[in-house]
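Structure first, then comments.
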Amino acid sequence: MLNLSYQLVELKFDVDLPFNVFDDEPGENTEELIELYTEYGFSMWLKQLADQIKEKPITKTIEPLVSESQDQKSTLLLQEFTQTLILKQADFESLLKQLSECTSFVFDLETNSLDYMNAEIVGLVFLLDKQSYYLPVARDYLDAPEQWSRQSVMKSLKPILESKVIGKICQNLKYDAHVLANIGIDLSGIVDDTMIKSYCLNSVATRHNMDDLSEYYLGHKTIHYADVAGSGKKQLTFNQVNIEEALPYACEDVIVTSELNKILESKLQQYPKLMTLYRTLELPLVNIILKLERNGVLVAEVSLFNQQVQIKSEMQEIQTQAFEIAGDEFNLESPKQIQQILFSEEGLGLKPKKKTTKGQPSTNEEALKQLDHPLVDLIMSYRTLTKLNSTYLEALPKQINRQTGRLHTSYHQAVTATGRLSSSKPNFQNIPIRTDQGAKIRSAFVSDKGNVILAADYSQIELRIMAHISKDKNLIEAFANNIDVHSATAAQVFNTELSEVSKEQRRKAKAINFGLIYGMSAFGLAKQIDVSRTEAKQYIDGYFENYPGVLKFMDETKEKAKSQGFVETILGRRLYLPQINAKNKMLQQHALRTAINAPMQGSSADIIKQAMLGIQAWINRENNGVKMIMQVHDELVFEMDANKTKEYAEDIGLMMSNAAKLSVPLVVDVGIGDSWQEAH
DNA sequence: GTGGCGTCC
DNA sequence: CAGAGGGACGCCACT
């Protein structure tokens, strides 16, 4: 098979693969790529092609990857739907009547910005049965026909959009809910979100934006935004797009959403646990995340500015010293130039310790740490400082919303493979904490006047989940007795009394505990804690001897993953592992490690999501003014009135602990302070 | 747009 | 024999 593949490369066939396999010169990893593609079902095609190659070179185009979902592919017939532009008062009133009398409709907003806090409505799109309607409310181009006043239109629509009995079906409804919230409309009666639905069904089969979903599930290529609005600098906002172009684009959105919703519903019905996950966890969570984002976080700009001044002067000093040692000026932020200076003959001529994926000498921290040269230390310090400066100190103030004076991140509910949220613009989930200088940034995340910050995080949640899932007696016992789990592991592995465990032993045990969660090998552990591979192997063996349940769990998980092609969390969320039976060992091993990790990472996500639902319900019920403002995987951060903090801290801690009933206690650490840093 | 690097859990 | 740690996002240099 592989030989054939090489022939294929050498003959330089003109083939269109769905990915850029042969864009570059055939390199070292060509074999790997061929393997990858054969795993994805190209083997048959390659075989056929190979037979033909023997005869004479040919040109052939491969159809894009056919997805598993195609067995149930619905054929979307756009012409079955009407597309109506609403411009006259009478038509609008008739639409209003239809909307107010229906049980549910599909709905989408066209806006002038992706920034959810500032976006304004440009048009509204509705679908009832097979009729789609586009209602433009803000057109801004030459010769634009007469238009509605947005205000009066929205006033008429408000009762419908806020109705709990008229159902709404959307793609990524959180965004539309934001834009409506900006003008005081509280979107209610949510029945479906196709983005979330697709994510629950299969998190990894496709991305969950409408264009990709349409291609994957309907085999229909949608009109893309860039097709009507252009791209890059010349991109128009939707209000500048001609109505003739806007109409089919807008209407297609609701038509596709409707068709997607139907097919996703029928698929999800085949998996009751996933349906429950969707209906009772993920879909209700949309509104909680909406609230979380709108609450935002107050940031002390002055503090960030002062830190920036300080760090910039430190950077200046380091740069001067570095140039002196190097004997020349160079860009301290360029790995390529650093490489030249450290490793080339003309430079320092140091011996590289590690290579990048491209085979060049690596200059990352791990590699640099092993080199002994003053310039290396300067480079590492400089890196740390520029990171803090550019990613946080400079970037955060720019993103403060000038109306609310707060930072509003975007949480993404349909991105990660495992069920975690992700966060961007700005990313709240990678704010520094490890070093003092880094953690100082958290001191700029503050509470408003009269308020405090409360941070509550699950202690060792993934290890507890491992204890729960594996049912390992020793591990469960350690947690049940509230013993420090790393010390307990150290006592077991090093065969000492718990009271005799040294700091060094605990450190190693901690690395073992975490390493195992990620499926780390003896090699990796050895590197991590700087012992020989043999020694690391002994530790791991020792661990499994003492926690046989964990070993059993891992073996069973791997076997299950191989036989059924997916692993599950405690709520039945599935993570499919398409490469679990790959012939390419590297790909398969990666899938196996994922199989080990996903049940723990994913279950942890399940639990904190449950907690978020419960806590927001409590906030609404008590109407106590508590604001949930951040989620960082195993931590929730709140802002609240400073007077009631003690009581609320206990409530929140309890709700988080009780979010799931495991065979070990879920311990939550709660801290309070004027800033996020103090609250830790 | 990609690769390298670094931040978090 | 190589490669041997799960999941994210953002910044910079470089092409």
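Here is how names work: the chains are called A, B, and so on, in the same order as the sequence lines, proteins then strands, and each is numbered from 1.
- By the 4.5 Å heavy-atom criterion applied to side chains, A/I608 and A/Q631 are counted as neighbours.
- Residue A/L393 contributes atom CG, which lies 13 Å from atom C1' of B/dT7 at whole-angstrom precision.
- Listed by residue number, the members of residues 351-380 of chain A with any heavy atom below 4.0 angstrom from DNA chain C form an empty set.
- A/R533 places its CZ atom 12 Å from the P atom of C/dC1, with the value rounded to the nearest Å.
- The phosphate of C/dA4 (OP1 or OP2) has no side-chain N or O of A/R593 nearer than 4.0 angstrom.
- For the pair A/E556 and A/K558, the minimum side-chain heavy-atom distance is 4.5 Å or more.
- Between A/H486 and A/F514, the angle of the ring planes lies from 30° to 60°, which puts this pair in the tilted group.
- Considering only residues two or more places apart in sequence or on other chains, A/E282 meets the salt bridge (charged side-chain N to carboxylate O under 4.0 Å, His left out) condition with A/R573, A/K609.
- Judged by distance alone, the side chains of A/H633 and A/S604 never bring a donor and an acceptor atom under 3.5 Å apart.
- The side chain of A/P432 lies closest to B/dT7, out of C/dA4, B/dT7, C/dG6.
- Put simply, OH on A/Y576 is 20 Å from C1' on C/dG7, counting in whole angstrom units.
- Whole-Å rounding puts the A/R434 CZ to B/dG6 P distance at 10 Å.
- Listed pair A/T594 / C/dG7 meets the phosphate criterion, a side-chain N or O lying under 4.0 Å from OP1 or OP2.
- Rounding to whole angstrom units, OH of residue A/Y518 and P of C/dA8 are separated by 13 Å.
- Counting any heavy atom pair closer than 4.0 Å across all strands shown, A/G515 reaches no nucleic acid atom.
- Close to B/dC8, at under 4.0 Å from its OP1 or OP2, lies no side-chain N or O of A/H633.
- Aromatic ring pairs are classed by plane angle as parallel below 30°, tilted from 30° to 60° and perpendicular above 60°; the pair A/F445 and A/F428 is perpendicular.
- Only the C1' atoms considered, B/dG6 is 26 Å distant from C/dA2, to the nearest whole Å.
- Between C/dA8 and A/R420, no contact under 4.0 Å exists linking OP1 or OP2 to a side-chain N or O.
- Within the nucleic acid shown, A/I517 has no heavy atom closer than 4.0 Å to any nucleic acid atom.
- In this structure, A/D606 places its CG atom 16 Å from P of C/dG7, rounding to the nearest Å.
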Legend entry - Under 4.0 Å protein heavy-atom contact, by nucleotide of nucleotides 10-15 of chain C - B base, S sugar-phosphate only: BSSSSS
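- Regarding A/N597, its CG atom lies at a distance of 11 Å from the C1' atom of B/dC9, rounded to whole Å.
- Rounded to an integer number of Å, the gap from A/E635 CD to B/dC8 C1' is 11 Å.
- For the 3.5 Å distance criterion, the side chains of A/T363 and A/R383 qualify, holding a donor opposite an acceptor.
- Residues A/W676 and A/E639 are not in side-chain contact: their nearest non-hydrogen atoms beyond the backbone lie 4.5 Å or more apart.
- Dashed line: the shortest gap from a side-chain N or O of A/S422 to OP1 or OP2 of C/dC9 is under 4.0 Å.
- No side-chain heavy atom of A/E568 sits less than 4.5 Å from a side-chain heavy atom of A/P599.
- Contact annotation for A/A417: backbone-only contact, meaning every heavy-atom pair under 4.0 Å involves sugar-phosphate atoms and none involves a base.
- Taking 4.5 Å as the limit, every side-chain heavy atom of A/K425 sits out of range of all side-chain heavy atoms of A/H408.
- Between C/dG3 and B/dC5, the distance separating the two P atoms is 16 Å to the nearest Å.
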